[in-house]
Amino acid sequence: MLTLADVAKSYGTRELFSGVSLFVARTDRFGLVGPNGAGKSTLFNLILGEEQADEGTIEWERGADFGYLPQESAPVGDESILHIATSGKKLEPENDDDYDIDWTLEPRAKKILAGLGFREDDHHKQAKSFSGGWVMRAHLARLLVSEPALLMLDEPTNHLDLEALLWFQDYLTRYPGGLVIISHDREFLNTLCNGILELKSGTLNKYTGNYDDYLAEKDARKEQQAAQFKNQQREIAHLQKFVDRFGAKASMASRAKSKEKQIERLKEVAVEEPWEDLKKINFRFPQPPRSGLKVMNLEHVQQAYGDHVVYRDLNLEIERGQKVVLVGPNGAGKSTLLKILADVVPISGGERKLGSNVISGYFAQNRGDNVKLDLTVLENVMELRTNENQLTEQQARAVLGGFLFRKDDVFKKASVLSGGEKSRLALARLLVNPPNLLLMDEPTTHLDIPSIDALVNALKNYEGTLLFISHDVYFIRTLAQTVLHVHSGRLTPYAGNYDYYLEKSKAANARAALTAGFTDARPKQAHVGGVPSPRGNDASRGGGTPPTKQKPSPGDLKKLRTEVGALEKKVSELEAKQNELTAQLEAPETYTSGKAQHLNRELSVIVDQLQAATAAWETAAGKLAELEKVG
């Protein structure tokens with residue numbers, strides 16, 4: 001479909017890439033990877049014709065069409081969500097002779113919109129009433145409905161929650177056309193790609209297979225290149241030794257001259273020494289002070305938002321050195337549990353007991369909560385200076401340099417940083433006074449793949465206690481030693497790694513298991529440390545025959561259906577508000593107008609309300625399903 005031949009692009013004196021050649025067939029599914037700033041989005045722009053190459057040619061096969069999803073969408077007008085999803089196609093005949101109508105178009109569009117998280121009553125609402133993230137979903141639906149021969153997607157998962165991501169990933173596995181995807185999501189690339197294109201150091205290299213295959217082949221190529229370089233340098237050194245020894249002797253001058261020419265020829269064809277990118281995160285956690293064996297106990301804890309109870313009689317014990325991942329459906333209370341452990345939210349009842357010599361550190365999902373937005377990058381680190389660490393500016397700059405904040409970057413206000421930069425600054429702050437209990441909510445968000453790898457390596461060597469929430473399966477598989485499933489106020493521990501949890505949960509795939517809402521016959525609450533709570537589930541306490549379920553009355557069913565519908569509407573409204581506030585917080589002008597603090601507080605309230613409403617909806621929907629089964 002698409003051919004690139006010797007394409008080059010520069011901006012002023014800076015050459016982005018040159019000699020880029022590529023052939024894309026209809027069956028190709030490429031992931032385009034490379035360091036930030038390598039020129040991935042620019043290469044997309046050249047292919048789309050939005051920019052012109054300095055050299056080379058870009059040719060499309062006649063009749064081939066393409067669809068492009070940028071990282072950010074253009075402003076929208078008065079069109080509806082459904083209109084965006086079906087734009088470019090005819091829904092009604094233009095005249096009596098016009099029979100070229102795809103009558104399946106609108107039903108397909110509605111089905112795709114549903115998969116991406118839109119409700120039926122959203123279809124005819126104006127797109128401008130939705131946040132930027134939801135508008136991007138509508139444009140993504142437009143591409144999927146039109147089914148171009150080649151889909152070009154730039155970070156398509158950025159605006160998707162896990163449920164929509166799972167649907168989208170599954171949809172693309174059956175997509176009939178070609179794919180070229182820029183993404184930092186390793187699992188996404190592993191599932192979809194049969195080739196990886198790496199844009200690095202001004203060149204484009206092609207690898208066969210998915211992302212894991214690319215890493216293995218890249219290492220093999222690097223080893224081969226290193227061996228070849230070493231052999232060539234050894235031969236050059238041997239020849240040079242002859243020249244140095246005999247070059248001045250008249251009887252040997254002709255032979256020495258011949259050796260010099262041989263050295264020049266070798267240097268012309270010599271491979272370069274393999275090297276690593278300098279622009280990537282490079283750090284390790286200083287080992288924190290040792291805590292007591294019992295790090296934290298939650299005893300008979302209750303947590304509620306208004307009338308809705310998230311946890312009732314919650315019991316949990318955490319022991320030193322554990323690495324625990326929290327999984328479960330959205331709204332089940334995972335983030336609330338982390339906040340309880342971090343003492344960020346007050347509990348309604350029960351006790352939160354901190355172990356001896358425990359220092360906790362909380363890495364919030366909203367990166368603005370992890371840094372001081374009104375301070376510069378350097379001030380964010382220097383404010384953590386204590387009599388114990390005696391932090392100097394030089395040491396602070398060294399820490400920040402490991403997170404790619406170099407030279408004048410350290411004088412930027414934190415308020416103007418991107419999401420990825422805020423994440424890196426938050427990690428840098430953790431290094432200054434490392435906690436021995438680390439609580440992390442989606443730590444890989446906004447980080448590119450090399451930065452995620454660096455974080456994984458640092459946490460593998462971290463000797464403290466780690467509890468985290470993540471949608472990154474690679475991150476979980478590498479770090480988690482124990483899985484804690486959260487659902488309907490219940491905690492179910494799995495005393496094994498993520499693969500053990502997958503085996504026990506019998507989930508459809510590794511990603512789907514993250515939000516599984518299954519239950520089993522284990523104790524209602526249990527200790528992560530491996531000692532079960534004495535409180536069994538309801539069935540184990542009575543010891544007798546369970547009572548026969550009575551058929552519900554039509555009035556009861558109607559009342560419960562109305563309640564479920566009202567809760568669904570509330571959840572939808574809160575999600576829309578959450579996305580709207582998130583979009584505002586991502587805009588740089590928010591921080592210059594002084595609205596950021598107010599918006600952060602409002603977003604925190606909305607997130608808590610959404611968790612409560614979602615949990616209430618799950619409870620009511622589950623009850624309705626049970627009653628309808630009996631009825």
**Q** Does some side-chain heavy atom of Met440 sit less than 4.5 Å from a side-chain heavy atom of Leu459?
**A** yes
**Q** Give a yes or no answer on whether the side chain of Asp441 reaches the backbone of Ile469 with a donor-acceptor pair at less than 3.5 Å.
**A** no
**Q** Do Trp60 and Leu150 touch side chain to side chain, with heavy atoms closer than 4.5 Å?
**A** yes
**Q** Answer yes or no on whether Lys40 is positioned over the face of Phe44, meaning its NZ or CZ is under 6.0 Å from the six-membered ring centre and within 45° of the axis.
**A** no
**Q** Do the side chains of Phe188 and Leu172 get nearer than 4.5 Å, heavy atoms only?
**A** yes
**Q** Using a 3.5 Å distance criterion without hydrogens, assess whether the side chain of Thr191 forms a donor-acceptor pair with backbone atoms of Glu187.
**A** yes
**Q** Do Val180 and Leu2 have side chains that approach each other closer than 4.5 Å (heavy atoms only, starting at C-beta)?
**A** no
**Q** Taking Asp122 for the side chain and Gly117 for the main chain, is one N or O donor matched with an acceptor at less than 3.5 Å?
**A** no
**Q** Under 3.5 Å, side chain of Lys200 to main-chain N/O of Gly34, donor-acceptor pair present?
**A** no
**Q** Looking only at atom types and distance, does a side-chain atom of Asp28 sit under 3.5 Å from a main-chain N or O of Phe30, one as donor and one as acceptor?
**A** no
**Q** Please confirm whether the backbone N or O of Leu179 pairs with a side-chain atom of Arg29, one donor and one acceptor, at under 3.5 Å?
**A** no
**Q** Classify the angle between the aromatic ring planes of Tyr214 and Tyr207 as parallel (below 30°), tilted (30 to 60°) or perpendicular (above 60°).
**A** perpendicular
**Q** If you draw the axis of the six-membered ring of Phe405, does the NZ or CZ of Arg424 fall within 45° of it and under 6.0 Å from the ring centre?
**A** yes
**Q** Is it the case that the side chain of Arg174 and the backbone of Asp170 share a donor-acceptor pair, with hydrogens and angles ignored and the cut-off at 3.5 Å?
**A** yes
**Q** Only one of Asp472, Asp453, Thr444 clears side chain to side chain donor-acceptor pair (under 3.5 Å) with Arg186; which?
**A** Asp453
**Q** Tell me whether Asp154 contacts the main-chain N or O of Ile182 through its side chain, where contact means a donor paired with an acceptor under 3.5 Å.
**A** no
**Q** Looking only at atom types and distance, does a side-chain atom of Asp213 sit under 3.5 Å from a main-chain N or O of Asn210, one as donor and one as acceptor?
**A** yes
**Q** May I ask you to decide if Val371's main-chain N or O and Asn380's side chain share a donor-acceptor pair within less than 3.5 Å?
**A** no
**Q** Which of these, Leu43, Val20, Asn45, Asp54, sits in a side-chain contact (heavy atoms from CB on, under 4.5 Å) with Lys9?
**A** Asp54
**Q** So, do Tyr171 and Phe168 have ring centers that fall under 6.0 Å from each other?
**A** no
**Q** For Glu260 and Lys257, what are the C-alpha separation, side-chain angles and deciding distance, and is it a salt bridge (Lys or Arg N to Asp or Glu O under 4.0 Å)?
**A** CA-CA 5 Å; Glu260 282 182 341; Lys257 197 68 176 175; 3.8 Å; yes
**Q** Taking side chain as C-beta onward, heavy atoms only, is Val381 less than 4.5 Å from Phe403?
**A** no
